[in-house]
Amino acid sequence: MKAIVAQLVEDALAALPDLSDAVANLDLATTVERTRDAGHGDFASNVAMRLARTARQNPRELANTITDCLPDSNLVDKTEIAGPGFINFYLSPAAFHTEIETILDQGGDYGRQAAKDHPRILLEFVSANPTGPLHVGHGRHASFGATLGNLLEAAGYPVQREYYVNDAGRQMDILGLSVCLRWMESQGASFAFPRAGYRGDYIRDIAAEIDTSGIDSVDTSALFEGVPADEPDGDKEAHIGGLIDAAKRTFGDDAFGRIRQQSLESIRQDIEMDLAEFGVIFDRWYSEQDLEKNGRIDAALVILEKRNMLYQKDGATWFRATDFGDEKDRVVVRENGVKTYFASDIAYHFDKRERGFEHLIDILGADHHGYVARVRAGLSAMGYEATDLEVELMQFVVLFRGKEKLAMSTRAGEFVTLRQLREEVGNDAARFFYVMRSNDQHLDFDLELAKRRSTDNPVYYIQYAHARIASVFRQLAEKTLTWDPNNGRRGLSLLTETHEKELMTALSRYPEVLELAAANRAPQHLVHYLRDLANEFHTYYNAHVFIVDDDTLRDARLTLIAATRTVIANGLAIIGVSAPDRM
RNA sequence: GCCCCGGUAGCUCAGUCGGAUAGAGCACCAGAUUCCUAAUCUGGGGGUCAGAGGUUCGAAUCCUCUCCGGGGCGCCA
């Protein structure tokens with residue numbers, strides 16, 4: 001709808017050749033906006049003020065000139081010049097009626113833009129290490145990422161959702177060892193579990209179900225002999241490192257490797273199932289092990305070497321990150337010959353780009369912000385643009401139960417898992433609450449509020465609007481009446497109540513909200529919009545009876561609320577929240 | 001020390017590319033409610049947009065500095 005007004009302004013300016021220079025460096029789409037105050041009409045343009053300086057004209061006079069050149073349109077009732085030089089547009093009722101018809105015609109597609117071919121977007125999110133179940137922080141990443149993916153698709157972009165599985169490296173060895181040790185305990189062995197091991201109960205569960213043949217006959221003394229002391233007397237990293245070496249030696253690389261793979265695969269599958277239950281589906285699970293196996297990390301290092309981006313120092317191989325704006329050079333191969341995590345990440349991001357994705361979006365925890373510059377540097381050094389990579393940083397989640405803040409200690413295994421949260425408040429409330437706030441705002445997640453079945457709870461309030469509309473149609477049937485949509489369309493001009501006009505205005509904003517939320521990577525705009533829309537509907541419901549005796553007025557009102565139901569359902573679908581017909 | 005994010009009503013937060021009188025929910029106060037769902041509704045009070053300077057027709061928004069809170073600055077991942 002905004003586009004209609006913007007087009008009128010553009011046409012008017014085209015008829016004013018004297019202004020063409022000034023117009024040239026102005027993005028006209030940005031000069032039209034919704035008014036905040038109905039007293040200013042439906043849309044306002046600040047184009048005259050924006051052009052006034054370069055055109056060296058008084059803004060109000062300029063606004064007058066532009067208004068005179070506006071083409072006639074049956075969608076605009078009148079225009080006014082107001083304030084310092086705003087042009088206010090008052091749209092005709094027909095403009096809103098057309099929009100209602102568009103909603104009904106397009107249904108689930110209403111608000112979506114035409115599919116574009118470019119840029120192809122690769123959206124990577126969650127990517128939690130497969131060392132344990134997802135916790136509430138990951139839930140925010142999952143909800144935000146899934147919603148952003150939906151928003152970008154609604155904006156017409158081709159999107160692939162990807163989960164990068166950090167299934168290589170030392171922490172996988174620590175996982176494998178933790179499982180071995182828990183299994184040995186289950187067989188009656190007794191020893192101090194390493195401080196740096198994974199201590200959660202899920203490790204015992206894995207130990208109970210996987211194939212541990214190969215470590216059956218090992219006695220603990222052989223494993224712990226000669227291993228450096230654990231904390232507090234010694235160093236926990238050295239201790240667990242010694243245990244890993246001992247385990248590989250005594251069990252054999254094959255047996256240990258098998259346990260490690262089974263353990264991580266068990267956790268990875270659990271994560272995938274957890275996310276699927278949460279409505280978060282990935283197109284691809286990209287394994288770091290595969291990256292290494294396929295030689296892509298070495299290949300990336302060769303390219304960097306050829307481009308003279310690497311050098312040796314202190315026995316390690318360094319990448320010249322400072323040449324690309326990072327604050328220091330970074331190690332890619334350690335003195336011990338082991339490649340760093342950063343080396344695989346260069347290779348991974350290069351690979352994303354090589355697979356034809358022109359725009360890469362990573363959703364990362366705010367604690368990873370220091371990492372962004374070097375990944376960008378890597379991408380630049382590999383011959384792509386640093387700006388090809390966009391990073392959205394997520395701030396942390398703090399759980400509340402009413403006023404009480406829930407302590408969460410990952411170390412002690414006391415963290416709340418995503419699964420526990422979902423079970424307590426339900427998927428809908430969880431998906432909704434997680435995207436309620438801007439990603440760069442800390443999120444206070446109130447479990448009590450999320451569970452409440454009253455209008456205090458925004459997700460409830462919005463779903464209730466949807467269910468209420470369905471209920472009205474059930475009432476209609478009970479009264480043995482039917483809705484005639486065509487008659488309703490013809491009768492839309494009967495909808496002249498303030499509440500009806502406000503509801504129509506709110507509905508017509510939906511495509512603009514979607515576009516804005518996608519462009520700004522800001523799902524909270526959609527959340528706020530849906531709450532506003534639900535509020536407009538509930539207010540209307542409370543003020544007027546829909547099922548009236550007059551056939552045409554009744555059909556028209558039912559047409560309006562049917563359109564409302566469609567928009568609420570579409571918006572909730574983007575967030576991943578159900579739109580129930582009954583509650 | 002350097003880097004990132006935040007600071008807007010009592011609380012939790014929106015505020016688009018600079019736009020007209022600063023927005024919502026909760027809480028609070030006052031009313032209403034024989035009615036398609038009380039699983040409520042209507043109205044009201046409440047602001048030094050952290051502070052100071054700058055840019056301009058116009059600043060919560062952009063720039064500079066300061067203060068406060070969170071996070072990050074590994075041959076960890």
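Not measured: the values here are computed from a predicted model. Lettering of chains follows the sequences in order, A, B, ..., and the numbering in each one begins at 1.
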Can you tell me which nucleotide in B:G70, B:A77, B:A14 comes closest to the side chain of A:Y371? B:A77
Contacting residues from residues 530-548 of chain A, given that a heavy atom lies under 4.0 angstrom of RNA chain B: A:R531, A:T539, A:Y541, A:N542, A:H544, A:V545, A:F546, A:I547
Taking the six-membered ring of A:W285 as reference, does the NZ or CZ atom of A:R268 fall below 6.0 Å from its centre and within a 45° cone about the axis? yes
How many Å lie between CD1 on A:I462 and P on B:A39, as a whole number? 20 Å
In Watson-Crick or G-U wobble terms, with both distances under 3.5 Å, the base opposite B:U55 is none
Ignoring hydrogens and geometry, is there a side-chain-to-backbone donor-acceptor pair from A:E392 to A:N439 under 3.5 Å? no
Using OP1 and OP2 only, check whether a side-chain N or O of A:Q441 sits under 4.0 Å from B:U12. no
Could you state the atom-to-atom distance from CE of A:M583 to C1' of B:U40 in whole Å? 15 Å
Taking only side-chain N and O atoms of A:K339, does any of them lie within less than 4.0 angstrom of OP1 or OP2 on B:C75? no
Taking NE2 from A:H368 and P from B:C4, how many angstroms apart are they, rounded to a whole number? 18 Å
Check every strand shown and say whether A:M436 touches a base, only sugar-phosphate, or nothing at a heavy-atom separation below 4.0 Å. nothing
Reckon A:K479 touches a base, only the sugar-phosphate, or nothing at all at heavy-atom distances under 4.0 Å? nothing
A:Y464 has a side chain; which of B:A39, B:G70, B:G19 sits nearest to it? B:A39
May I ask you to say what A:E33 touches in the nucleic acid, namely base, sugar-phosphate or nothing, with a heavy-atom cut-off under 4.0 Å? sugar-phosphate
Nearest to the A:Q171 side chain among B:G6, B:C17, B:A77, which nucleotide is it? B:A77
Across all strands shown, which nucleotide pairs with B:C11 by Watson-Crick or G-U wobble geometry, both distances under 3.5 Å? B:G25
Does a side-chain N or O from A:T455 land closer than 4.0 Å to OP1 or OP2 of B:U40, or not? yes
Does B:U37 have OP1 or OP2 sitting under 4.0 Å from an N or O in the side chain of A:Q475? yes
Measuring only the P atom in each nucleotide, how far is B:G45 from B:A52? A whole number of Å is fine. 27 Å
Please state whether the phosphate of B:G15, meaning OP1 or OP2, lies under 4.0 angstrom from any side-chain nitrogen or oxygen of A:H525. yes
Quick one: does any side-chain atom of A:R554 pair with a main-chain N or O of A:V548 as donor and acceptor, under 3.5 Å? yes
Would you say whether A:F86 stacks on B:G19? The test is a distance between ring centres of less than 5.5 Å and an angle between planes of less than 30°. no
Check whether more than 12 heavy atoms from other residues, nucleotides or ligands sit under 6.0 Å from atom CG of A:D549, and answer yes or no. no
NA contact type, A:N336, heavy-atom cut-off 4.0 Å: base, sugar-phosphate, or nothing? nothing
Given B:U40, B:G74, B:G7, the nucleotide with the shortest approach to the side chain of A:S454: B:U40
Nearest whole Å is fine: how far is B:A77 P from A:D167 CG? 14 Å
Whole-Å C1' distance, B:C26 and B:A14: 14 Å
Determine the Euclidean distance between corresponding P atoms of B:C5 and B:C63; express it in Å to zero decimal places. 11 Å
Counting only side-chain nitrogens and oxygens, does A:Q524 get under 4.0 Å of the OP1 or OP2 atom of B:G15? yes
Can a cation-pi geometry be assigned to A:R60 and A:F86, taking NZ or CZ under 6.0 Å from the six-membered ring centre and within 45° of the ring axis? no
So, is A:R36 near the phosphate of B:A20, with a side-chain N or O under 4.0 Å from OP1 or OP2? yes
Do you see a donor-acceptor pair shorter than 3.5 Å between the side chains of A:T317 and A:Q312? yes
Looking only at the side chains, is there a donor atom on one of A:T131 and A:Q171 sitting less than 3.5 Å from an acceptor on the other? no
Using whole Å, what does the distance between atom P of nucleotide B:C3 and atom NZ of A:K328 come to? 14 Å
Classify the nucleic acid contact of A:E327 as base, sugar-phosphate or nothing, counting any heavy atom under 4.0 Å across all strands shown. sugar-phosphate
Lys/Arg cation over aromatic A:F537: A:R468, 6.0 Å, 45° cone: no
Do side-chain atoms of A:D173 reach the backbone of A:I244 as a donor and acceptor pair under 3.5 angstrom? no
Which nucleotide, in any strand shown, forms a Watson-Crick or G-U wobble pair with B:C2, with both distances under 3.5 Å? B:G72
Can you tell me, in whole Å, how much space there is between the P of B:U61 and that of B:C49? 10 Å
What is the distance, to the nearest angstrom, from the OH atom on A:Y529 to the C1' atom on B:A14? 16 Å
Can the ring centres of A:H499 and A:Y541 be said to be less than 6.0 Å apart? no
In terms of the nearest nucleotide of RNA chain B, which residue is placed more toward the 5' end: A:R453 or A:D456? A:D456
Among the nucleotides B:U37, B:A77, B:A20, whichever has the atom closest to the side chain of A:T35 is B:A20
Reckon A:F342 touches a base, only the sugar-phosphate, or nothing at all at heavy-atom distances under 4.0 Å? nothing
Using atom C1' in both nucleotides, what's the gap between B:G10 and B:C73 to the nearest angstrom? 38 Å
Quick one: label A:A44 by what it contacts on the DNA or RNA (base, sugar-phosphate, nothing), any heavy atom closer than 4.0 Å. base
Which whole number of Å gives the distance between the P atom of B:G58 and that of B:G18? 16 Å
Under-3.5 Å donor-acceptor pair between A:H369 side chain and B:C5 base: no
Rounded to the nearest angstrom, tell me the gap between atom NZ in A:K405 and atom C1' in B:U12. 14 Å
Is a donor on one side and an acceptor on the other found under 3.5 Å between the side chain of A:D550 and the backbone of A:L553? yes
Which base sits across from B:C35 as a Watson-Crick or G-U pair, both distances under 3.5 Å? none
Just compare B:A39, B:C75, B:G19 and give me whichever is closest to any side-chain atom of A:R50. B:G19
Nearest whole Å is fine: how far is B:G74 P from A:F319 CZ? 17 Å
B:A77 phosphate, OP1 or OP2, under 4.0 Å from A:R334 side-chain N/O: yes
Just checking A:S438: base, sugar-phosphate only, or nothing, at a heavy-atom cut-off of under 4.0 Å? sugar-phosphate
Less than 5.5 Å between centroids and less than 30° between ring planes, does A:H40 satisfy that with B:A20? yes
Scan every strand shown for a Watson-Crick or G-U wobble partner of B:G47, both distances under 3.5 Å, and answer none if you come up empty. none
5'-most contact on RNA chain B: A:N46 or A:E335, nearest heavy atom basis? A:N46
Could you report the tightest heavy-atom contact between A:P580 and A:M583, atom names first, then the distance? CG-CG, 3.8 Å
Would you say the side chain of A:N457 and the base of B:A39 hold a donor-acceptor pair, judged only by whether the two atoms sit under 3.5 Å apart? no
Which whole number of Å gives the distance between the C1' atom of B:G19 and that of B:C65? 27 Å
If you measure from the P atom in B:A9 to the same atom in B:C4, how many Å do you get, rounded? 26 Å
